[in-house]
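Counting convention: from 1, in listed order, for ligands and their atoms alike. Keep in mind it's a predicted model, so treat the numbers as computed, not measured.
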Amino acid sequence: MKDYIVHDGWKIIEDEFHPEQNKITESLMSLGNGRMGHRANFEEKYSGLTLQGSYVAGVYYPDKTRVGWWKNGYPESFAKVLNAANWIGIDIWIGTIVLDLHQCKILNFRRELDMMNGLLNRTFTAELADGKQVKVTAQRFVSIGQSEIGAIRYSLEALNFDEKITISPYVDFDVVNADANYDEKFWDEVNKSVAQGEGYITAEVRKTFFQVCSGMKFKILKNGEQIRFHADVEEREKFVSNLVTVLLKKGDKLTLEKFGVNLSSENCAKNQLAETATKFLHAAFKKGYDRLLQEHSTLWYKKWETSDILIKGDVAAQQGIRFNIFQLQQTYSGEDERLNIGPKGFTGEKYGGSTYWDTEAYCIPFYLATAPSKVARNLLTYRHKHLEKAIENASKLGFNNGAALYPMVTMNGEECHNEWEITFEEVHRNGAIAFAIYDYIRYTGDTGYLLPNGFEVLLAISRFWSQRVNWSVPKQKYVMLGVTGPNEYENNVNNNYHTNRIAQWTLQYTLEVIDLLKKENPETFAQLKAKWNFSEETETQRWKDIIAKMHFAYDQSRDIYLQQDGFLDKDLTPASDLPKNERPLNQHWSWDRILRSPYIKQADTLQSFFLFEKEYDLATIQRHFDFYEPLTVHESSLSPCIHTILASLIGYPEKAYELYLRTARLDLDDYNNDTEDGCHITSMGGTWMSFVLGFGGMRVKNGRLHFAPILPEKWEGYSFLINFREATIKIEVNKQEVILENHAAKEMVISIYDNELALPANGVYKEKLRSS
Ligand code: BGC
């Protein structure tokens, strides 16, 4: 765990340079706008520890997998989120000495991410080998309003010298992916152009042939006045730059305003890429830095207006939740149903593919409650568009009759992860995709989504479950063999509780959907039956049998369901007894040792208790929490959030608070020692859930919002906003009471601690706060 980020409600601050943590800070202070993003790399040259990262949404490379021994059904490729052009770069020489923070003395360094305005700021004074001191002020953003555009304002002030300064803004497409399987480069140049004050490169991704045009255009100001300049233009393969030399006298300030563009062939015809990118860039340049920034921060303000969470009396917790919301907002804007939420968003390459079950299981609730419903609907549509590929994927593995197995990791609908324990076995993701359809409809009331998209996906997933189980003669039950549950520290287990449970639930829900459709849209339903050769009678008969006779391993003496068959054979030493220097286990223990151990990477059995809470009583949930949580090492970012929600529910406020901090500050404090690879974006949806569903006690039941807030002891209060069926509700909690405000122009029926009340349009209601 690290502790160098300064606590602040709206900012992420590094108030002196920590070169050894630079890759972590670069991840934390990444900027994005749903379409592109950049790690917080320095603009000027840096020869120290760094991971250069610039990303353009939807653009990937299917890297050939690296597996020791090829077997039938293995995916061909492991997709890579691509490191794209470095458009932020500005090389600088003071006289003949290059400005490089790894090579000089650094004074008054400060780097901060301003989350309110979506800005990255940095200031420092560099003292070079010859004693010259230059003060640098840098600011940049990637525009929310014009998602192809980014802008940088970079100033240099001569503190104690008169000297020629050479600045060289550039675009560099000659980049590598740190995680390339075979150290290959993935981009080939298509064309480039460079002129006075601007330059463009169009490059193409090998194999997938996506093209991206990246460009820059800049102006220079001296002491606030724009100056004319003559640049030496430079070009080489996949690289363009301008070199401009200006004489600075002591006290002079030179400012470079550099605008960048990234336009991909996903959003523009290839033969018009360069021309359109140039047009976009010229328009942004004309608008100017200040206006562009003004528009950008106004849009951020609007985002915060609907999604901010305020915590009083605990700045670490406040910073954590805002950081999570900020990252979610800048990763996915919801306008494009071809895009999804990568586990690292625009903060790093790791995890290759863009889409995991994380989206459905952890992120959709956030977007449902903080954005128009089309945003979550687009995420569901994304999966519907991949249905054919999911059916193909299942058929590669031997399933038939339109059964679908969605990939564990994907870019284009195909499985693109190369660990067999994950690709073939972690089938619970199919259940998460089905559950998200239910969740969306429960929240929005939009049953229209079922026809045809929702139903088609549910049918195909149910068909998969129906084939994936088999009848066990000795048990006289249906069993599911050889799976990996959400707890990836177990592979190839039989009857993982969560997987069996979510399979059973999917079959049940699909039956309910069929009943609804038959009643409300019999004709369309009949057409769909024909389209999918759905033998309703026979197929649903089997589903009903599976629902009734699914096996769940159970221990009578403890009265608990077991994570899988045989779980109790393990040595059940609690995780608290593990030596600290052996954690995280996955960085210290052999895989073999991990698999034999009882340690649970993330909520597994408890994932079901979270999803299907209403089917268990509190004592049962508590019993399972008491058994499983002490064995849980929370080494997946997705773990603490689910435990926070359950701990809040069963009256363990201290545990809830401890795990809340762990999820909210996971990256800020680098709990799992891996933030340098990028932030855990999808788990941030979980953080939001841990707050709103955990402390806020929010649930949706029978089309209505329910709240049962608790207040962690350390806090004076908190408030959050919920967007629900065209209404906004504000929930404020202080040490004495809960205040509900209906910001909508219609009455809302809401439950608070199970008391139903009709909150009139623009009405306010107060209720005494209950302790947990
Ligand atoms: C977790 C998975 C998750 C993946 C991407 C893994 O560490 O165990 O559940 O889907 O990370 O976030």
**Q** Considering only non-hydrogen protein atoms, determine which one is nearest to atom 8 (O) of ligand 1 and report residue, atom name and distance to 0.1 Å.
**A** Gln602 OE1, 2.5 Å
**Q** So which bit of His680 gets within less than 4.0 Å of ligand 1, heavy atoms only: side chain, backbone, both or neither?
**A**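 No part of His680 is near ligand 1 at this cut-off.
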**Q** Please could you name the atoms of ligand 1 that Leu638 approaches to less than 4.0 Å, counting only its heavy atoms?
**A** 3 (C), 9 (O)
**Q** Only heavy atoms count here, so choose which of Tyr489, Trp357, Tyr351 is nearest to atom 11 (O) of ligand 1.
**A**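 Heavy atom nearest to atom 11 (O) of ligand 1 belongs to Tyr351.
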**Q** Give the numbers and elements of all ligand 1 atoms closer than 4.0 Å to a heavy atom of Asp358.
**A**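 By the 4.0 Å cutoff, the relevant atoms are 3 (C), 5 (C), 10 (O), 12 (O).
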**Q** Consider side chain to side chain donor-acceptor pair (under 3.5 Å). Of Thr682, Asp358, Asn378, Thr359, which one does Asn340 pass it with?
**A**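 Option passing the side chain to side chain donor-acceptor pair (under 3.5 Å) with Asn340: Thr359.
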**Q** Using only heavy-atom distances, determine whether the side chains of Thr410 and Glu415 contain a donor-acceptor pair under 3.5 Å.
**A** no
**Q** What residue among Asp670, Asp667, Asp674, Asp669 forms salt bridge (Lys or Arg N to Asp or Glu O under 4.0 Å) with Lys2?
**A** Asp670
**Q** Is the closest N or O pair between Lys601 and ligand 1 shorter than 3.5 Å?
**A** yes
**Q** Between the side chains of Asp179 and Asn177, is a donor N or O closer than 3.5 angstrom to an acceptor N or O?
**A** yes
**Q** Regarding Gln329 and Ser307, do their side chains bring together a donor and an acceptor under 3.5 Å, going by distance alone?
**A** yes
